[in-house]
Amino acid sequence: MANFSKSNVPQFSVEVYQNAFLPEGGREVNAIVTVTSTGGGTTGGIPLAGSGPAYGAGPGAAVVLMVDCSGSMDYPPTKMRNARDATAAAIDTLREGTLFAVVAGTHVAQEVYPGDGRLAVADAHTKALAKDALRGLSAGGGTAIGTWLRLADRLLGPAHAGIRHGVLLTDGRNEHEAPEDLRAALESCAGRFTCDARGVGTDWEVKEVTGIATALLGTADIVADPSGLADDFTRMMENVMGKEVADVALRLWTPVGVEIRFVKQVAPSVADLTGRRTEAGPRAGDYPTGSWGDESRDYHVCVRVPQAGIGQEMLAARVSLILPDPSGAGTPQTLSQGLVRAVWTDDMAASTSINPQVAHYTGQAELAQVIQQGLEARKSGDFDGATAKLGRAVQLASASGNQDTARLLSKVVDVVDAATGTVRLKAKVAEADEMTLETRSTKTVRVKK
């Protein structure tokens, strides 16, 4: 297999936003790293990764659709029908040549189409057969999501595809396997395929669904009304079909004496990558970012540098976008890179200025945290604590212009004064509204430039 050339992949750029100036004794350096990918499949610029010479004649993507068929999907009966229709809509959205399979999930995982431990190649004929197979889906049995993921991994593993992706739909809690079994399945699947997770209705556990998406670098959302599933699945599959490159890593190299405090994705959603580091040579580590199409994401990098005197300057970190050789044998390709600097100064105005991007995303990360803390406090009966946390969330959402989150918060609290975060808890809150706020709490808005 040949090495990737730049003509085979979208073009990546890295921009670093920071205030490099530190006061005497200052040691913490913060930077927002904006990564942008352009020229990929959503604009028709190049073929899917995996369909070009780097991968021979292999398909661009392989997708496994995992549909909850547990007994609760029969309540109401329209839920199962909506799930079948949504899966059919996702199948219709597959590009010609995409490898795919459908899995029915209960307390066991069963191949619905094509069967025999393999994937089908999407064309008009196989799509029609898959949709016919969906008509046989019925509700019954329990829920053991780890078994669904492991089957998806077995199906996707042999596929010579650039993008390997799962879509998982559930309507209930993972009650028929131990929590450690699901954790083990996620650890086994991490880095092997990405996965979007959806909870339908209001009887599922938010932390389970968001945990799946976080571990497998996908998205999580609620579809409170099952009638909205088809539209959601169509949008989700369109996004998957727009992905061009998998397994891109954010590589952080730091000089001797520099400590990494954290690495987080902060837009379009907050995700802490610090614990996902894999070593990549002396003083370098890779943080997974998943698959990319035409898009832009922001990352917050925080490092602690050694003390230095006024007037001294140092490279605090080098951030690179790394693409592994598809054969696994060659040298990884550096797609783009940026530098994080530290300069010590006695200019008080320079050293105390907070970069607008850093300030904005620090606030967005706090927003996600206080929403989750506030909802936990509300559930536990700590209404004063809930009021304080959710009031702070309203204040942060208002100040940052995060109107979507502000709108969700207004369904849980009555806002007296958004600027000061003065709120009152609503006496009655619809379960769907509370779950929507929790599920979408990590979604952020880009900094106003």
In Å and rounded to the nearest 0.5 Å, what is the CG to OG distance from L375 to S441?
7.5 Å

Atom CG in L169, atom CG in D232: separation rounded to 0.5 Å?
9.0 Å

Tell me, do [X] and [Y] make a side-chain contact under 4.5 Å, heavy atoms counted?
{"X": "L323", "Y": "V245", "result": "yes"}
{"X": "F193", "Y": "L216", "result": "yes"}
{"X": "T106", "Y": "T143", "result": "no"}

Which residue pairs pass the side chain to side chain donor-acceptor pair (under 3.5 Å) test with at least one member in residues 119-130, sequence neighbours excluded?
D123-T126

Non-hydrogen atoms of V412 and V429 that approach each other most closely
O-CG2, 3.9 Å

Ion pair [X]/[Y], N-O distance below 4.0 Å:
{"X": "E295", "Y": "K243", "value": "yes"}
{"X": "E376", "Y": "R378", "value": "no"}
{"X": "D153", "Y": "R150", "value": "no"}
{"X": "R304", "Y": "E28", "value": "no"}
{"X": "D171", "Y": "K79", "value": "yes"}
{"X": "E438", "Y": "K207", "value": "yes"}

How about CZ on F262, more than 12 heavy atoms from neighbouring residues, nucleotides or ligands closer than 6.0 Å, or not?
yes

Should the heavy atoms of other residues, nucleotides or ligands under 6.0 Å from CD of E96 be counted, would the total exceed 12?
yes

What verdict does the side-chain contact (heavy atoms from CB on, under 4.5 Å) test give for Q110 and C69, after you've listed the backbone C-alpha separation in whole Å, the side-chain angles of each residue and the deciding distance to 0.1 Å?
CA-CA 10 Å; Q110 180 182 359; C69 293; over 6 Å; no

Using the side-chain hydrogen bond (donor to acceptor under 3.5 Å, both in side chains) criterion, which residues pair with E180? Sequence neighbours excluded.
none

Can you name the residues that form a ring-ring contact (aromatic ring centres under 6.0 Å, His included) with Y113, not counting sequence neighbours?
F100

Which of I91, L65, D92 passes side chain to side chain contact (heavy atoms under 4.5 Å, CB included) with M237? Answer is L65

Between V423 and L425, is a side-chain contact (heavy atoms from CB on, under 4.5 Å) present by the stated rule, with each step listed?
CA-CA 7 Å; V423 303; L425 294 183; 5.7 Å; no

Any cation-pi pair here, R297 with W292, using under 6.0 Å and within 45°?
yes

